[in-house]
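Chain identifiers are assigned alphabetically (A, B, ...) following the order of the sequence lines, protein sequences preceding nucleic acid strands; residue numbering begins at 1 within each chain. Heavy atoms only: backbone and side chains are in, while hydrogens, waters and symmetry mates are out.
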There are 2 protein chains.
Amino acid sequence: MAELPEHKKLYEALRRLISDGVYAEGDLLPSENELSSVHGVARHTVRKALDRLVVDGYILKHQGKGSVVKGVPKGIGILSLMSTTSAVGDNILTTKIIGRPEVRAWKEAFTFELSDVEKEVGCIYFERLRSLNGKPVFYDITMLPNLNFPRFTSLNLENKSLFDVLRTKYQIEVTGGVQQIFAIKADAKLQEHFRVRPGHPVLRLNRKLNTNKMGVYIYSQVFCITDELGLSGTF
Amino acid sequence: MAELPEHKKLYEALRRLISDGVYAEGDLLPSENELSSVHGVARHTVRKALDRLVVDGYILKHQGKGSVVKGVPKGIGILSLMSTTSAVGDNILTTKIIGRPEVRAWKEAFTFELSDVEKEVGCIYFERLRSLNGKPVFYDITMLPNLNFPRFTSLNLENKSLFDVLRTKYQIEVTGGVQQIFAIKADAKLQEHFRVRPGHPVLRLNRKLNTNKMGVYIYSQVFCITDELGLSGTF
DNA sequence: AATATATATTTGTACGTACAAGTTTGCTAA
DNA sequence: TTAGCAAACTTGTACGTACAAATATATATT
């Protein structure tokens, strides 16, 4: 395991403290000079760590005041749910894997083209149906290239943990991506999954996610019912 | 007019060169040392400017190689169009302002709540209908607080230039925001604008954009037909 | 000519200093 | 008590140095 640079170590440490709630929203982080002396690094290194926290949306900086904790940012792109009527908060979101993750061939990923390498190795494929308070709201298909993912098919793939699993188990970080969004009418398959009538409006997202590994992309297609819940995202 | 800091001036200069196509996609920027000596600033200052170009998606950096131009990034959040069948490229996107920008009172901005200050000053309101090759695809409502926007109602509000106008004329930069996305059925008003039948699926976006000015937010609601075009965005 | 090696170039990390600018805090004087 | 002011604190800008790591280039060797 390679040694991380100092500014990245500090970034990860502070990020964890915010994620774990040690520093809550509105709190002030220790000053740059304090972090500098405590962690035994130069102020410049501290600033680099804080810069990334700002970019990632964890903190806000105010000259003369300090670094104010903003909170844990929403998922990359559009991932979080938001109720139109009331707060979503403690509603129960259950995730059901349809079938098991399996390896199969692929020639294209929705509207995205694949490289020759990706075509050759095939993909890990799985579908999920997520329900809020018993009502299905999400149906998504995920495809990963069958590369460097030992024992992936036997992992528990919960909603929130997918990116964490990729980062911690396989050192793969999602750095960005592209998505296309459509409003469509529910087809037979979606009518069945969502238990809606023909013609019901459904949101469709085609997504291609970039990672820190050259040539490794994650593809997913998400269908969503937005009758009571809008898809919410920050940017 | 306040003097911009050196790193920001350099950032703006390089950004402009990329936007204008002087540095095209795939080109290498001058090295950090070269930029340093040419512009008469320290390498650290150059790096800060380049850092922001990386964050904004204009360039990619490779250790030992240099800074490779990535191109002009897509709009913040979801702004750009993308064809499902072929490249959009040179299709003609026309923008029509429905009515003129006008000042009016407001009590809420779509699903977003307003501050007391915002309610008091009222808002600048305008609607736009954008068509691709004669077919209407975008209908959007924009609302700005009636603050610090002298002569705004007499400006030409083209599609691409809104953010540029805000930045250059009023020193207001959009730093991020929140959006909610829904798939809905076209109501009477949308049926008329888009010339579609009842029940046609339409994309709706409610957006609240943050700016660098404290307390100044931009609100917009966008309706979009995605029959042939998906809404595309990078993140 | 092809390969291996050494050199130069370029970005990454990390340290340091100094001062400017904005905010908070505490003190002093009215 | 209040108001004003000075000091302390915190982040922003900008300069400098040094070396590491990755890439590109030129050189030498086979």
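Considering only side-chain N and O atoms, B/K61 lies under 4.0 angstrom from the phosphate OP1 or OP2 of C/dG12. Considering only side-chain N and O atoms, A/S67 lies under 4.0 angstrom from the phosphate OP1 or OP2 of D/dT11. Side-chain nitrogen and oxygen atoms of B/R47 include none within less than 4.0 Å of the OP1 or OP2 phosphate oxygen of C/dT11. Within the 4.0 Å cut-off from OP1 or OP2 of C/dT13, at least one side-chain nitrogen or oxygen of A/H7 is found. For the OP1/OP2 pair of C/dA14 and a distance below 4.0 Å, the side-chain nitrogens and oxygens of A/K48 include no atom meeting the criterion. Contact between the side-chain N/O atoms of B/T45 and the OP1/OP2 oxygens of D/dT13 is not found at any separation under 4.0 Å.
With respect to the salt-bridge test (charged N to carboxylate O, under 4.0 angstrom), the residues A/R104 and A/E102 qualify. Using a cutoff of 4.0 Å between basic side-chain nitrogens and carboxylate oxygens, A/R15 and A/E12 are scored as salt-bridged.
Nearest-nucleotide mapping onto DNA chain C: of B/L50 and A/G64, the residue sitting toward the 5' end is B/L50.
Figure legend: cation-pi geometry between A/K208 and A/Y219 absent, as NZ or CZ is not positioned both under 6.0 Å from the six-membered ring centre and within 45° of its axis.
Atom pair A/N33:CG and C/dA18:P shows a separation of 14 Å (rounding to whole Å applied). Here C/dG12 presents its P atom at 8 Å from CZ of B/R43, a figure rounded to the nearest Å. In this structure, B/L4 places its CG atom 16 Å from C1' of C/dA21, rounding to the nearest Å.
Below the 3.5 angstrom threshold, one finds no donor paired with an acceptor across the side chain of B/E6 and the base of D/dA14.
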